[in-house]
Amino acid sequence: QVQLVESGGGLVQGGGSLRVSCAASGLTFSRYTMGWFRQAPGKERDFVAAVTWTGGFTWYADSVKGRFTISRDNAKRTVYLQMNSLKPEDTAVYYCAVALNLRVVRDSHEYDYWGQGTQVTVSS
């Protein structure tokens, strides 16, 4: 049974930093691309970032490029999202996801398993 468990969310002031983590179990973690998405109230779930199984290639949404960094530790079966220079518009529930046969990295429908999400709130 695949499980993804996010942690590390919270409340931070604008301009601050936060790191969220996602621990995976029930799959061969090191084989798959991992992604982060976010969903603000009343909005669709949007792509944030993704990383290949080796960690050698990453993708970012334009809105977070230069501020957020995705990384993974295959030994710990964990993927991270370091968020710097946070803005109030970054406020959302952040979800990690795993894609078993990924073709379009920014498409949430391509991901097979999801975590329960962790709330990130950025105050102005």
Side-chain angles (χ1 to χ4, degrees):
Q1 181 180 355
V2 177
Q3 281 194 316
L4 303 174
V5 180
E6 299 97 336
S7 60
L11 174 64
V12 63
Q13 277 194 328
S17 298
L18 205 59
R19 187 177 80 160
V20 291
S21 304
C22 172
S25 61
L27 77 168
T28 306
F29 178 79
S30 59
R31 288 185 182 176
Y32 304 112
T33 294
M34 299 294 297
W36 284 98
F37 289 76
R38 67 186 181 185
Q39 188 167 20
K43 296 189 176 181
E44 293 185 350
R45 190 170 296 188
D46 290 331
F47 171 78
V48 176
V51 59
T52 54
W53 67 276
T54 63
F57 203 83
T58 56
W59 299 263
Y60 294 96
D62 288 343
S63 59
V64 307
K65 203 172 293 183
R67 300 188 298 122
F68 290 13
T69 303
I70 189 171
S71 61
R72 66 190 294 163
D73 184 334
N74 286 339
K76 294 182 178 180
R77 306 168 65 84
T78 301
V79 61
Y80 305 97
L81 186 68
Q82 176 67 45
M83 303 181 288
N84 299 329
S85 301
L86 282 161
K87 305 174 182 179
E89 50 264 44
D90 294 317
T91 295
V93 177
Y94 283 70
Y95 299 90
C96 70
V98 61
L100 304 185
N101 292 291
L102 187 63
R103 290 166 295 179
V104 181
V105 70
R106 299 169 190 268
D107 185 350
S108 62
H109 297 97
E110 294 278 326
Y111 290 78
D112 300 279
Y113 297 98
W114 294 81
Q116 83 288 349
T118 186
Q119 176 71 47
V120 172
T121 302
V122 184
S123 63
S124 56

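With hydrogens and angles disregarded, no donor-acceptor distance shorter than 3.5 Å links the side chain of Thr121 to the backbone of Thr91. Proximity of a side-chain donor or acceptor of Thr52 to a complementary backbone N or O of Phe57 within less than 3.5 Å is detected. Looking at Tyr60, its side chain does come within 3.5 Å of a backbone N or O of Ile70 through a donor-acceptor pair. Checked by atom type and distance alone, the side chain of Arg106 never pairs as donor or acceptor with a backbone atom of Ala50 at under 3.5 Å. Gln39 places no side-chain N or O within donor-acceptor distance of the main-chain N or O of Ala92, the cut-off being under 3.5 Å. A side-chain donor-acceptor contact under 3.5 Å links Glu6 to the backbone of Gly117.
Rounding to the nearest 0.5 Å places CG of Leu18 at 8.0 Å from OG1 of Thr118. Interatomic distance, Tyr113 OH to Cys96 SG, rounded to the nearest 0.5 Å: 13.5 Å. With values rounded to the nearest 0.5 angstrom, Met34 atom CE is found 11.5 Å from Ser71 atom OG. Of the inter-residue distances, the one linking Thr33 atom OG1 with Tyr111 atom OH reads 6.5 Å to the nearest 0.5 angstrom.
Scanning both residues, Arg67 and Leu86, for their nearest heavy atoms gives NH1-CA, 3.9 Å. Nearest heavy-atom pair, Gly26 versus Arg77, reported as atom, atom and distance to 0.1 Å: N-NH2, 3.6 Å. Between Ser17 and Val12, the shortest heavy-atom distance links the atoms O-CG2, 3.8 Å. Shown here for Gly9 and Val120, the closest heavy-atom pair between the two residues is CA-CG2, 4.2 Å.
A salt bridge does not link Lys87 with Asp90: every distance from a Lys NZ or Arg NE/NH1/NH2 to an Asp or Glu carboxylate oxygen is 4.0 Å or more.
A continuous path of ILVMFWY side-chain contacts below 4.5 Å connects Val105 to Trp114, so both sit in one hydrophobic cluster. If you chain together hydrophobic residues whose side chains sit under 4.5 Å apart, Val98 and Phe47 never meet in one group. Leu4 and Val20 fall within a single hydrophobic cluster, where Ile, Leu, Val, Met, Phe, Trp and Tyr are joined by side-chain heavy atoms under 4.5 Å apart, directly or via other members.
Figure legend: cation-pi geometry between Arg45 and Phe37 absent, as NZ or CZ is not positioned both under 6.0 Å from the six-membered ring centre and within 45° of its axis.
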Q. When you look at Val48 and Met83, which way does the side-chain contact (heavy atoms from CB on, under 4.5 Å) test go after all the steps?
A. CA-CA 11 Å; Val48 176; Met83 303 181 288; over 6 Å; no
Q. Can you list the steps and then say if Val79 with Trp36 is a side-chain contact (heavy atoms from CB on, under 4.5 Å)?
A. CA-CA 9 Å; Val79 61; Trp36 284 98; 3.9 Å; yes
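Counted within 6.0 Å of CH2 on Trp59, heavy atoms from surrounding residues, nucleotides or ligands total more than 12; the atom is thus considered enclosed.
Between Phe68 and Tyr94, the ring-plane angle classifies as tilted under the 30° and 60° cut-offs.
A donor-acceptor contact under 3.5 angstrom links the side chains of Asn74 and Arg72, judged on distance only.
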